[in-house]
Amino acid sequence: MAGIKVHGSVFSTATQRVLASLYEKELEYELVPVDMKAGEHKKEAFLSLNPFGQVPVLEHGDQKLFESRAITQYIAQEFPDKGTELACPGKPIAPLLVWKEVEALQFDPPSSKLNWELVYKSMFGMTTDPAAVEENEAKLAKVLDVYEARLSQSKYLACDCFSLVDLHHLPNINLLLGTPVKKLFDARPHVSAWAADITSRPAWAKVLALLKH
């Protein structure tokens, strides 16, 4: 089997998403660090892998993929018999497709903006914008209301099995739970239980361990 290379940074939420899928699938890989502070992702060598200059990039044989959610789907489909299935076996595919889009289009924008304001800005010595926090907390609260209703009927978002849908949430949820935004999760018992469940998975613990090195 051709080796798997991941070009990225363990501090990148998009890279974390891909690494989580590899650990869930129990696949070996080589991490090729990209120094984003030095702007390596905007230099010609990296742009030849991803012309948009964003991490991560996955190389597998002759395949070169970018966009983290496309990569995780490729991993799930390329290695169906390895590790966690990351799908909904024996179930209609429609909920999986719908809720994957919900994460990308409804959950990710406000959660990423909140993490920028509450986590990353302080790292760069920048000032948090309270108005942006308030606006995106309100947007995220509406999304989590929908999640609360869904999770009252299903253990996970797509079905009763952990899938790519849940995995895609992990990097942003992990950061949000370390901020005052945690209150939005705590106020919704099904969402809170789901977040505790998915963030306690062994594969995710392996991703977090990389941050400590």
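In this structure, the side chains of F46 and V32 stay at 4.5 Å or more apart for every pair of heavy atoms. In this structure the side chain of F162 never reaches within 4.5 angstrom of the side chain of D197, judged on heavy atoms. Between D129 and V133, the closest side-chain pair of non-hydrogen atoms is not below 4.5 Å. A heavy-atom distance below 4.5 Å is found between the side chains of Q16 and W204. The closest side-chain heavy-atom distance from W99 to S163 is not below 4.5 Å. You'll find the side chain of H168 reaches within 4.5 Å of the side chain of T72, heavy atoms only. No side-chain heavy atom of E26 sits under 4.5 Å from any side-chain heavy atom of K82. Side-chain contact between L86 and F79 is absent, with no heavy-atom pair separated by less than 4.5 Å.
Under a 4.0 Å N-O distance rule, the pair K139/E134 does not qualify as a salt bridge. A salt bridge links R69 with E103: the closest approach of a Lys/Arg side-chain nitrogen to an acidic carboxylate oxygen falls below 4.0 angstrom. Under the 4.0 Å criterion applied to side-chain N and carboxylate O atoms, E135 and K113 are not assigned as salt-bridge partners.
Taking a 6.0 Å sphere around CD1 of I93, one finds it holds 12 or fewer heavy atoms contributed by other residues, nucleotides or ligands. Heavy-atom neighbours of K121 NZ from other residues, nucleotides or ligands within 6.0 Å: above the threshold of 12. No more than 12 heavy atoms of other residues, nucleotides or ligands sit less than 6.0 Å from atom NZ of K142.
Rounded to the nearest 0.5 Å, atoms CD1 (I198) and CG (L170) are 4.5 Å apart. Taking CD from Q54 and OG1 from T15, the interatomic distance works out to 10.5 Å, rounded to the nearest 0.5 Å. Once rounded to the nearest 0.5 Å, the distance linking SG of C161 with NZ of K91 reads 7.5 Å. Summarising the geometry, atom NZ belonging to K183 is positioned 13.5 Å from atom CG belonging to L177; distances are rounded to the nearest 0.5 Å. Distance CG/L157 to CG/L151: 4.5 Å, rounded to 0.5 Å. Distance check, rounded to the nearest 0.5 Å: NE2 of H60 to OH of Y74 gives 5.0 Å.
A distance-only check finds no donor-acceptor pair linking the side chain of E24 to the backbone of T84 [under 3.5 Å]. In this structure, T179 contributes its side chain and L118 its backbone to no donor-acceptor pair below 3.5 Å. N50 places no side-chain N or O within donor-acceptor distance of the main-chain N or O of V57, the cut-off being under 3.5 Å. Remark: side-chain polar atoms of S200 are paired, donor with acceptor, to backbone N or O of A196 under 3.5 angstrom.
Across all non-hydrogen atoms, the minimal contact from E40 to P33 is OE1-O, 3.9 Å. In terms of heavy-atom proximity, S111 sits nearest to D108 at OG-O, 3.1 Å. Summarising the geometry of L164 relative to Q73, their closest heavy-atom pair is CD1-CA, 3.8 Å, with the distance given to 0.1 Å. Residues P80 and K25 come closest through the heavy atom pair O-NZ, 3.6 Å. The shortest heavy-atom contact between V181 and L140 is CG1-CD2, 3.8 Å. Nearest approach of F185 to A195, heavy atoms of both residues: CD2-CB, 4.2 Å.
R188 forms no cation-pi arrangement with Y147, by the criterion of a distance under 6.0 Å to the ring centre and an angle within 45° of the ring axis.
Following chains of ILVMFWY side-chain contacts shorter than 4.5 Å, one can reach L211 starting from L22, so the two form part of one hydrophobic cluster. When hydrophobic clusters are built by joining Ile, Leu, Val, Met, Phe, Trp and Tyr residues whose side-chain heavy atoms come closer than 4.5 Å, directly or via intermediates, M36 is not grouped with L210. The hydrophobic clustering, which links ILVMFWY residues whose side-chain heavy atoms are closer than 4.5 Å, places V165 and L105 apart. There is no path of hydrophobic side-chain contacts, each under 4.5 Å, that joins V6 to L49. Residues L27 and V18 fall within the same hydrophobic cluster, defined by Ile, Leu, Val, Met, Phe, Trp and Tyr side chains chained together at heavy-atom separations under 4.5 Å.
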Evaluation steps, side chain to side chain contact (heavy atoms under 4.5 Å, CB included), between M123 and V119 = CA-CA 7 Å; M123 292 181 181; V119 179; 3.8 Å; yes
Apply side chain to side chain contact (heavy atoms under 4.5 Å, CB included) to K182 and L176, showing your working.
-> CA-CA 6 Å; K182 183 176 184 290; L176 290 172; over 6 Å; no
Taking it one step at a time, do S9 and S12 satisfy side-chain hydrogen bond (donor to acceptor under 3.5 Å, both in side chains)?
-> CA-CA 5 Å; S9 165; S12 150; over 6 Å; no
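SG atoms of C159 and C88 are separated by less than 2.5 angstrom, consistent with a disulfide link.
Ring geometry for F52 versus F66: interplanar angle over 60°, hence perpendicular rather than tilted (30 to 60°).
Just one residue in the list K64, H41, E59 forms a side-chain hydrogen bond (donor to acceptor under 3.5 Å, both in side chains) with H7, and that residue is E59. Here the options are N172, N136, T13, the test is side-chain hydrogen bond (donor to acceptor under 3.5 Å, both in side chains), and the partner is N115; only N172 passes.
With no hydrogens or angles considered, a side-chain donor-acceptor pair links D166 and W194 at under 3.5 Å.
Y29 has its ring centre less than 6.0 Å from the ring centre of Y23. The six-membered or imidazole ring of Y156 lies away from that of H169, with a centre-to-centre distance of 6.0 Å or more.
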